[in-house]
Structures are given as C-alpha cells and as structure tokens.
Amino acid sequence: MAYLSFKNINKIYPNGFHAVHNFNLDIEQGEFIVFVGPSGCGKSTTLRMIAGLENISSGDFYINGQRANEMGPREREVAMVFQSYALYPQMSVYDNIAFGLSLQGVDDDIIEKKVTETARILGLTDYLERKPRALSGGQRQRVAIGRAIIRKVGIFLMDEPLSNLDAKQRVTMRSEIADIHRKVGATTIYVTHDQTEAMTMADRIVVMKDGYVQQVGSPYELYFKPVNMFVAGFIGEPPMNFMSSDVNKGTVLAGKTSLDLSHILDEKTLASYEGKKMVVGFRPEAIELGAKENAYVLNATVELTELLGDNTNVYVDIDGVKTILKVDPHDTPKMDSQIQFSIPYNQVYLFDGETEVVIENKTRNL
Ligand code: ATP
C-alpha cells in the first residue's frame with residue numbers, strides 16, 4: 001500500500017496547452033479515490049503523471065513521502081488498467097494473468113499459486129484455460145484487473161475501465177471492483193466521466209473542470225454540500241435544476257413566483273446581494289407535490305413524464321423555465337396538467353450569479 005501527495009502540480013503540454021492547474025491533494029494509504037469530470041478536464045493527464053507516463057511540468061509529487069517526480073514508472077510500483085483491456089488474444093486467461101510475473105522470471109510454482117489466488121478473488125477459476133475471445137466483456141475486464149493486481153503493487157490506477165461494457169455489466173463490475181479493492185487493499189485512483197461510478201465506488205471524489213479541481217470530498221459531501229454550481233450540476237441524476245434572477249427587495253423569482261430570501265439567508269448576506277444576480281437551485285428528488293409549509297411553492301405545467309419504475313421523471317415548465325421533478329410513480333401527474341409543488345427551504349440551494357459559488361443556506365444542517 002502507498003500514500004501519495006501532490007503539491008501545486010501543473011501540466012503544460014509541449015504545444016503550450018495548460019492541462020492541469022495547481023493540483024493539490026493528499027491520498028491516504030488504501031483509499032479509493034475517483035477523479036471525475038467532463039471530457040478534457042485533465043483527469044487522465046493527472047493519472048498518467050502518477051504512473052510516470054507523462055512528466056510533471058511543475059510542483060512536487062510524493063509517493064510514501066519520497067519525491068517521485070523523476071522516478072521511472074517501474075520504481076513507482078503502480079499497476080494500471082486501461083479502457084481497452086489490452087489482453088494477448090493468443091494466450092489463455094492463465095497466461096495473460098501470469099505474463100508479468102513470467103517476464104520477471106518468477107518460479108513457475110509461485111506463479112501458479114499467485115494466479116490461482118488471483119483467479120479466485122476475481123471469480124475466474126473456471127475460465128483459466130480459455131482464450132480472451134471466448135469471454136464476455138466483463139470477464140475480459142476482470143482478466144485485465146487480474147494482470148494488474150497479481151503484482152501486489154501499492155498503487156492501482158484505472159482509466160475508465162468500464163466504458164466498453166454494457167449498462168448491466170457496468171453495474172456488476174462496479175460492485176466487483178469495490179469488492180476487489182476491499183480484498184486487495186491497494187491505494188486506488190480511478191478515472192471516470194460517470195458521476196454514478198464516482199458516487200458508488202469512491203471513498204473520496206475529486207471533481208475536475210478545465211484542468212482545475214473544483215471540490216474534493218466524500219460522495220455525501222459532494223451531493224449535499226456542493227461548493228459551486230458546477231459540482232451541484234455534475235453530481236446527481238437527473239441534474240440539479242437552476243433558475244437565475246436579480247435579487248429585488250429581498251426576493252428572487254422562479255418564473256413569476258417570488259421567493260422571500262429571508263427564510264433562507266441571514267440578514268447580512270441578504271443585504272449584500274440586493275440588486276445582484278442569484279441562482280436558485282433544487283434537486284429533482286427534493287420536491288414534494290402540493291403546497292407545503294416552510295417551502296417555496298411553485299406552479300408548473302407538465303410537459304412530459306417518464307416512468308422509470310422506482311420513480312417518474314416529470315418535465316415541467318415554470319412560466320417558461322424548464323425543470324425536472326422526480327416523483328413517486330404512483331403520484332405521476334397527467335401530461336399537460338397544472339401542478340403545484342414545494343421545495344422545502346432546507347432543500348433550496350442559492351448560488352452567486354457572478355462567481356457561481358454556493359451561498360450558505362441558514363436552514364440546512366447537514
Ligand atoms: P477524456 O475523458 O476525454 O479522456 P480527460 O479529462 O481525461 O478527458 P485529458 O486526456 O487529461 O482529459 O486531457 C486534458 C486536456 O489536455 C484536453 O484538452 C486534451 O486535449 C489536452 N491534451 C491531452 N494530451 C495532450 C497532448 N499530448 N498535447 C496537448 N494537449 C493534450
């Protein structure tokens with residue numbers, strides 16, 4: 001196992017493109033860290049700098065307290081699993097898993113012991129004689145993981161390892177990878193653009209955008225205490241709804257309905273926003289149908305409903321503003337009907353219209 005530390009890491013590619021800005025992070029021994037963000041945010045670049053496949057332009061990177069900027073990939077004792085499994089098609093599952101150890105000249109009986117143990121952890125015992133083409137996508141991915149974990153390295157890196165799998169396999173492999181992590185215990189850094197993977201697997205998530213870290217926190221913190229609109233909109237599915245307006249006499253508007261901000265903000269904060277732009281946000285799942293107490297009550301027209309089984313997504317129009325609500329399927333409203341719904345005050349998020357930074361809601365106590 002290993003612990004890692006990044007101090008003001010920057011990556012500037014030879015063409016001058018600044019892909020990672022002032023990346024700071026400490027990763028504890030055995031942690032499962034997920035880097036998440038949209039395409040191009042710099043997550044793979046950061047992972048490749050950890051692996052030693054990409055040089056670090058400035059800043060200091062430490063593995064187990066030792067400066068590692070100039071260490072070669074082998075010295076770092078990392079294993080990496082890529083999106084493409086890169087298995088050898090002519091070799092059996094056994095030989096694919098054993099390959100790295102064979103190259104190192106490890107004794108055959110030790111290799112056999114290790115491959116048997118690795119196959120047991122991964123549920124591949126019955127497939128050791130097969131060639132990769134006779135395996136499902138999920139099984140191939142497990143072989144790729146087996147090849148990495150057999151080396152018993154301290155740091156395990158994964159770059160979008162599930163993106164070639166279908167939706168059902170992804171769900172299964174998510175829990176399998178989490179289970180392997182529990183058994184093997186290696187410090188793991190996992191890159192994905194899929195917020196569900198991040199939320200379900202991570203001890204801590206690092207949200208990135210345009211080369212900058214936006215927030216680092218547990219899945220709970222990112223969901224309930226996003227620091228800005230980007231994180232609030234990225235984490236959660238369907239995403240948070242946003243409505244923007246100017247603060248006028250202590251109120252904001254969603255469509256034509258005003259919200260008295262004194263319910264949510266302390267006096268001083270409220271006064272400082274008079275006349276400025278503010279964004280109201282609420283999660284689709286945080287609403288209640290009907291008019292409730294201690295809540296922002298809104299009227300809307302139902303445009304579309306999507307029954308998903310455990311809930312229904314209701315697409316509504318609030319005086320021209322399009323939003324999504326998530327309701328119990330038994331309460332699904334009719335298309336084109338007028339509905340009323342409530343956002344409890346402690347579920348309302350407010351953001352500075354200029355900086356997009358969250359403004360503290362005095363009724364939230366999480
Ligand atoms: P994706 O999910 O699409 O892989 P990512 O978040 O992993 O995205 P990176 O691959 O880290 O993003 O790339 C970050 C930025 O750096 C992108 O804008 C990309 O175009 C740029 N980039 C990547 N490699 C190079 C390179 N060799 N030279 C110049 N720019 C590069």
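Just follow the structure's listing: the first ligand is 1, and inside any ligand the first atom is 1.
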Can you name the nearest heavy-atom pair linking Asp336 to Thr301, along with the distance? O-CG2, 4.1 Å
Who passes ring pair (Phe, Tyr, Trp, His ring centres under 6.0 Å) against Phe99, sequence neighbours left out? Tyr88
Classify the angle between the aromatic ring planes of Phe242 and Phe351 as parallel (below 30°), tilted (30 to 60°) or perpendicular (above 60°). perpendicular
Taking NZ, NE, NH1 and NH2 as the nitrogens, is one of them in Arg67 or Asp60 under 4.0 Å from a carboxylate oxygen of the other? yes
Just checking, is any N or O donor in the side chain of Thr257 or Tyr296 under 3.5 Å from an acceptor N or O on the other one? no
Exactly which residues line ligand 1, taking a heavy atom under 4.0 Å from it as the test? Tyr13, Asn15, Phe17, Ala19, Pro38, Ser39, Gly40, Cys41, Gly42, Lys43, Ser44, Thr45, Glu160
Angle between ring planes, Phe282 versus Phe341, binned at 30° and 60°: parallel, tilted or perpendicular? tilted
